[in-house]
Chemist: 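Could you have a look at this structure, given as structure tokens, before my questions?
Each chain gets a letter, A, B and so on, in the order the sequences are listed, and its residues count up from 1.
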Amino acid sequence: MPRRRIRPSWWRRSLRRLGVAALFAAVGSGLWYLEEREVRDRLSWMGVPTWERSSPLSLHRVLRNDGFLVGWSDLRVSPLWASYALEPGAARGVGERPAFRRDWRTLWPVTPDSYRRSGYDRGHLAPNYAIARVHGPAAQQDTFLMSNMVPQRPNLNRRLWQRLEEVVIDHFVPRFGRLQVIAGPVFADEFMEGALRRVGLVEVPEAFYKILVVPGPRPRALAFLMPQGVGGGEPLDRYLVSIDRIESLTGLDFFPQLPSGVETVLEGRVEASGWGLAAVANLPGRFD
DNA sequence: TTTAATGT
């Protein structure tokens, strides 16, 4: 019976092939994991933001870009955070503003036209100017991906938020040497409310946060929460909040690797001394 | 070197 002699060796050969394939998959995914972790560590501080188990709406996946990371939510069809580091170093010349581009990783069709005639600006989370200056032209290109955009009212985007971005790169970065920044949207409590209030498919936030951290053994932090409805000329320090407040509004844990003793101090209170905020809180915007 | 973005 020749057929019975063929089968065992066929099985053995198939098993061996499967074993080799599994080995390659394991090594490959292991290498991918190490490389991914290395990039995330370099672009973030004390871990990338994670979410509370109880809140599926803060579930997201991490999109890697040149110079910054984005946490993308397929439920809200929106970024939930962008995280990046800024440092003085050799400041590069900043080129012209590139065109807005669709990001195919989002799967949902969010295009440069999605906000048209909505009354909302395409507002950057990771900012064009600061990222371009610190991380160069390829990173600047990436800031114009639609996965980095949130619908912002013009008075916020072009005035109050722009003033904050300017103060960060022009005053805080030279003052402290290195800053970690996380920015993102805050959505309404009611799920149905948010499900209906959209620009294209993108959910419209009620407010936006920006967290600044000076890394180090004794880190320093400052956090802002700015609503859509601002006029634009308000003093920046009117919008100071604790990181804990932003975490409770978003369901995110921003620095999961931070030791809990440090976390309590850093996230629980508003500690603005040492930032020199008074001197910059009322600087005029560039586009008033 | 010059910080946002829309609409025509």
Side-chain angles (χ1 to χ4, degrees), chain A residues 65-68 70 78-79 82 84-103 110-176 178-185 199-200 202 204-205 207-210 212 222 224 226-236 239 275-277 279-288:
Chain A
N65 295 304
D66 203 325
F68 65 104
V70 167
S78 170
Y84 53 94
L86 299 176
E87 54 198 7
R92 312 173 186 231
V94 173
E96 281 189 9
R97 291 168 68 89
F100 291 91
R101 276 152 51 224
R102 175 161 181 197
D103 186 341
V110 180
T111 73
D113 286 338
S114 293
Y115 293 32
R116 272 185 97 91
R117 284 187 296 273
S118 65
Y120 291 96
D121 278 4
R122 297 172 290 192
H124 286 68
L125 284 184
N128 163 45
Y129 178 81
I131 292 282
R133 223 181 83 159
V134 176
H135 297 282
Q140 179 182 28
Q141 291 286 336
D142 284 355
T143 68
F144 279 79
L145 288 167
M146 290 305 292
S147 55
N148 185 42
M149 299 304 150
V150 282
Q152 274 183 332
R153 302 243 77 128
N155 276 351
L156 177 61
N157 186 38
R158 306 175 193 186
R159 305 189 74 209
L160 190 67
W161 192 261
Q162 188 279 328
R163 285 169 50 216
L164 178 57
E165 288 182 341
E166 185 164 328
V167 163
V168 169
I169 188 65
D170 286 350
H171 295 270
F172 294 154
V173 170
R175 185 188 188 100
F176 296 111
R178 185 186 166 86
L179 273 189
Q180 187 68 37
V181 186
I182 305 184
V199 165
V202 180
V204 178
F208 302 88
Y209 65 84
K210 177 163 277 192
L212 313 174
L222 207 59
F224 297 86
M226 297 178 166
Q228 291 273 27
V230 298
E234 298 89 344
L236 297 177
Y239 300 97
W275 288 84
L277 245 186
V280 294
N282 290 292
L283 289 177
R286 306 181 87 85
F287 311 107
D288 287 346

Chemist: May I ask you to check if A:R153 and A:Y120 form a cation-pi contact, with NZ or CZ under 6.0 angstrom from the six-membered ring centre and within 45° of the axis?
Modeler: yes

Chemist: Using a heavy-atom cut-off of under 4.0 Å over every strand shown, decide if A:D170 touches base, sugar-phosphate, or nothing.
Modeler: base

Chemist: How would you label the contact of A:Q162 with the nucleic acid (heavy atoms, under 4.0 Å): base, sugar-phosphate, or nothing?
Modeler: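 Sugar-phosphate only.
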
Chemist: Using a cut-off of 4.0 Å on non-hydrogen atoms, how would the nucleic acid contact of A:R159 be classed: base, sugar-phosphate, or nothing?
Modeler: nothing

Chemist: Base, sugar-phosphate, or nothing for A:G123, non-hydrogen atoms under 4.0 angstrom?
Modeler: sugar-phosphate

Chemist: Here's a test of your reading of the structure: between A:H124 and A:G93, which maps to the more 5' nucleotide of DNA chain B?
Modeler: A:G93

Chemist: Are the side chains of A:V167 and A:L236 in touch, meaning some heavy atoms are under 4.5 Å apart?
Modeler: yes

Chemist: Assuming nearest nucleotide by heavy-atom distance, tell me which of A:E165 and A:R116 is located more 5' along DNA chain B.
Modeler: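 The answer here is A:E165.
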
Chemist: Side chain of A:R163, backbone of A:A281: donor and acceptor closer than 3.5 Å?
Modeler: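 Yes, because the side chain of A:R163 sits within donor-acceptor range (under 3.5 Å) of the backbone of A:A281.
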
Chemist: Please list, in 5' to 3' order, the outermost nucleotides of DNA chain B lying under 4.0 Å from any heavy atom of chain A.
Modeler: B:dT2 to B:dG7

Chemist: Just by distance, do the side chain of A:N148 and the backbone of A:L145 share a donor-acceptor pair under 3.5 Å?
Modeler: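 Judged by distance alone, no pair lies under 3.5 Å.
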
Chemist: Please report whether the ring centroid of A:F100 lies less than 6.0 Å from that of A:F144.
Modeler: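 So the answer is yes for these two rings.
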
Chemist: Which part of the nucleic acid does A:R122 contact within heavy-atom distance under 4.0 Å: base, sugar-phosphate only, or nothing?
Modeler: sugar-phosphate

Chemist: Between A:Q140 and A:N128, do the side chains contain a donor N or O and an acceptor N or O under 3.5 Å apart?
Modeler: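 Side-chain D/A pair, A:N128 to A:Q140: present.
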
